[in-house]
Peer 1: 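Dumping the structure here so I can ask a few things about it.
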Amino acid sequence: MKPVVDFIQNNADRYVEELREFCAIPSISTQAEHKPDIERCARWLADHMTHIGLENVEIISTAGHPIVYADWLHAPGKPTLLFYGHYDVQPPEPLELWHSPPFELTLRDGDLYARGVVDDKGQVFIHLKALEAFFKNGGRLPVNVKFMIEGEEETGSENVYAFMQKERERLACDALVVSDTTMLGKGIPSVCYGLRGLTYFEVEIEGPSQDLHSGSFGGAVPNPINILCEMMAQLHDKKGRVAIPGFYKDVQPLSKKERAQFKRLPFKDKNFQKTTGVRRLVGEKGFSTIERIWARPTLDINGIFGGYTAQGAKTVIASKASAKFSTRLVANQNPAKITKLVRKRIERLAPPSVKVKFTVHSQGDAWVSPFDHPFVQAGKTALEQGFKKKAVFIREGGSIPLVSTMYKRFRKPCVLLGFGLPDENAHAPNERLNLENYQKGILSVAYFYHAVGEINGNARGGGGKGRKAR
Ligand code: BES
Ligand code: MN
Ligand code: MN
């Protein structure tokens, strides 16, 4: 490992320059006008993968944005890891709140700023640079690897599932590896063993067939914005619980053991509050902050719009009003079932005076897994070697639906090594990645691939069942 470790330490500056190129491409998956950028980004990534030594590099078109695939399979008898990540990013708006242009990687006070730098380009790059260090020092990898980097994670990964179904053989592996989560805090390397699921909806209320003067008509016609606000206000009760009948029915309660584990983690409400800038933390009574984020389902309105929102005043009753809202789900809740409950609730809440349009945007299962598998444990040890700090096991409140799908379908361990920090502004202005975490991430991941290469076939299946490498 010495040459690999030295190489990583000696190439730190180059790693930043290359990431700058990757981040310069505005691969925004949700905006149609960025389709050419998405394609350019896939091409750039594919070329880079070829350049470092990966093989069978392919840009696979889908009904949506392309998937970039590559592999290296010359370690007979060694495990095969499937790495999953995404090269698409969230829109950078509102632009005026950025302190440097979102697509020009900028180093400021030890942090690298750019849209996508932590979610997920920098974290994908951590793995590519770790592999490169092996290729450059001995010409081979300690394990077999397959890379699947998609371009529509931020919009719900619609087309990846069909690809996975069709390409079962190509994607066969002993474990899934993902770096698209965060650490509990600076200096606390973390392995993630749980994610929340989600459902995402849009509701549109239509009252009058056109906008009306609020003086001539106010008081006689249904105002869609008033009604939408009333409806949305009834989705929570006074205790901070989601007021949708049946919403909590299938929720898997937290075990005493896990609650105790959560309590032992170095997490402080006060710091968390400071990160968010809120005056106080809120939420469901009877649960701690991390319990509420990691292991309790929630509902949030993500956008609400209608009527006059430009400068000054305009007395008007809008014809339409809309809201986008989503739930976060936990283990054992079924997104399709939740969707039915939410639809029913919305239909009940809407008065007969208006038309309601209800749209489902995306759905994904929660994921929670044991963390005693040798691969997962190897992840923890590798983080400790890379960061020279004790690592912890955490869950996350965010969602990566593909992880639960993979886990359910293939029953393979998923190793989630996150290198972001909770305050690095993913999806928000001034997204950043701590430079030190970027470098230590590359080192940790190199240790991880090395350690997995040392795990023998018998340990691999978990539970003592021997399994051969494919
Ligand atoms: N990297 C995130 C997932 C994530 C967020 C993990 C926070 C851990 C903490 C991912 O890119 C993401 O944003 N996922 C979406 C999923 C949705 C679009 C289906 C999410 O969580 O909102
Ligand atoms: Mn992500
Ligand atoms: Mn994201």
Side-chain angles (χ1 to χ4, degrees), residues 22-23 27-31 41 64-65 83-92 102 114-127 148-161 176-185 190-202 267 272 275-276 290 292-295 297-303 324-330 335 338-339 360-368 393-406 414-429 431-433:
F22 194 11
C23 290
S27 47
I28 304 161
S29 49
T30 195
Q31 296 172 347
C41 195
H65 300 321
F83 177 85
Y84 163 75
H86 61 97
Y87 66 82
D88 64 322
V89 302
Q90 290 280 345
R115 168 55 86 229
V117 68
V118 63
D119 186 12
D120 182 32
K121 287 175 171 173
Q123 300 206 62
V124 166
F125 222 59
I126 282 174
H127 285 259
M148 172 172 75
I149 317 292
E150 70 150 309
E152 34 186 27
E153 195 275 345
E154 298 292 10
T155 54
S157 304
E158 250 177 85
N159 296 291
V160 174
Y161 300 106
L176 183 74
V177 179
V178 178
S179 284
D180 194 18
T181 52
T182 62
M183 301 163 48
L184 189 61
S190 314
V191 181
C192 176
Y193 68 93
L195 295 161
R196 287 198 290 185
L198 95 170
T199 56
Y200 199 114
F201 311 107
E202 186 162 344
F267 177 92
F272 188 77
T275 300
T276 59
I290 47 180
R292 297 199 304 276
I293 298 170
W294 294 353
T298 50
L299 184 149
D300 276 288
I301 301 171
N302 304 106
K324 293 174 192 274
F325 67 104
S326 56
T327 66
R328 294 286 169 174
L329 306 177
V330 298
I338 293 295
T339 295
V360 181
H361 279 291
S362 48
Q363 301 189 1
D365 280 312
W367 168 75
V368 184
F393 285 101
I394 63 166
R395 292 214 220 168
E396 289 262 21
S399 311
I400 312 175
L402 189 125
V403 172
S404 42
T405 308
M406 272 293 292
C414 302
V415 190
L416 273 64
L417 307 174
F419 299 106
L421 290 173
D423 65 351
E424 286 184 330
N425 296 338
H427 295 201
E431 178 175 350
R432 59 182 175 261
L433 169 64

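Both ligands and their constituent atoms are indexed starting at 1 by order of listing.
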Peer 1: Everything protein-side that's N, O or S and under 2.8 Å from the Mn ion (ligand 3): list it, residue and atom.
Peer 2: Asp119 OD2, Glu154 OE1, Glu154 OE2, His427 NE2
Peer 1: Check whether more than 12 heavy atoms from other residues, nucleotides or ligands sit under 6.0 Å from atom CD of Glu158, and answer yes or no.
Peer 2: no
Peer 1: Hey, does Glu396 come in under 3.5 Å of ligand 1, counting only N/O atoms on both sides?
Peer 2: no
Peer 1: Is any side-chain heavy atom of Glu152 less than 4.5 Å from a side-chain heavy atom of Asn159?
Peer 2: yes
Peer 1: Quick one: list whatever passes ring-ring contact (aromatic ring centres under 6.0 Å, His included) with His127, sequence neighbours left out.
Peer 2: Phe83, Tyr449
Peer 1: Just by distance, no angles: are the side chains of Asp365 and Ser404 close enough, under 3.5 Å, to form a donor-acceptor pair?
Peer 2: no
Peer 1: In chain order, what residues pass the ring-ring contact (aromatic ring centres under 6.0 Å, His included) check against Phe22, with sequence neighbours excluded?
Peer 2: Trp44, Phe125
Peer 1: Looking at non-hydrogen atoms alone, which of Arg328, Arg196, His427 comes nearest to atom 21 (O) of ligand 1?
Peer 2: Arg328
Peer 1: Thr181 to ligand 1: N or O pair under 3.5 Å?
Peer 2: no
Peer 1: Relative to ligand 1, is Asp120 under 4.0 angstrom through side chain, backbone, both or neither, heavy atoms considered?
Peer 2: neither
Peer 1: Please work out whether any backbone atom (N, CA, C, O) or any side-chain heavy atom from C-beta onward of Glu154 is under 4.0 Å from ligand 1, and answer side chain, backbone, both or neither.
Peer 2: both
Peer 1: Which residue and atom name correspond to the protein heavy atom nearest atom 11 (O) of ligand 1, and how close is it?
Peer 2: Glu153 OE1, 2.7 Å
Peer 1: Could you check atom 16 (C) of ligand 1 against the protein and tell me its nearest heavy-atom contact, residue, atom and distance included?
Peer 2: Ser399 O, 3.4 Å
Peer 1: Report yes or no: does Asp180 have a heavy atom closer than 4.0 Å to ligand 1?
Peer 2: yes
Peer 1: Is there any N or O on Asp119 that sits under 3.5 Å from an N or O of ligand 1?
Peer 2: yes
Peer 1: Among side-chain atoms of Gln363 and Thr339, is any donor-acceptor pair under 3.5 angstrom?
Peer 2: yes
Peer 1: To which of Gly397, Pro401, Gly398 does the heavy atom nearest atom 7 (C) of ligand 1 belong?
Peer 2: Gly398
Peer 1: What I want to find out is whether Glu202 reaches Lys324 closely enough, with some N-O distance under 4.0 Å, to be called a salt bridge.
Peer 2: yes
Peer 1: Examine the side chains of Glu154 and Thr30 and answer whether a donor and an acceptor come within less than 3.5 Å of each other.
Peer 2: no
Peer 1: Go through the structure and list residues passing side chain to side chain contact (heavy atoms under 4.5 Å, CB included) with Leu329, not counting sequence neighbours.
Peer 2: Thr199, Phe247, Thr327, Gln333, Pro335, Ile338
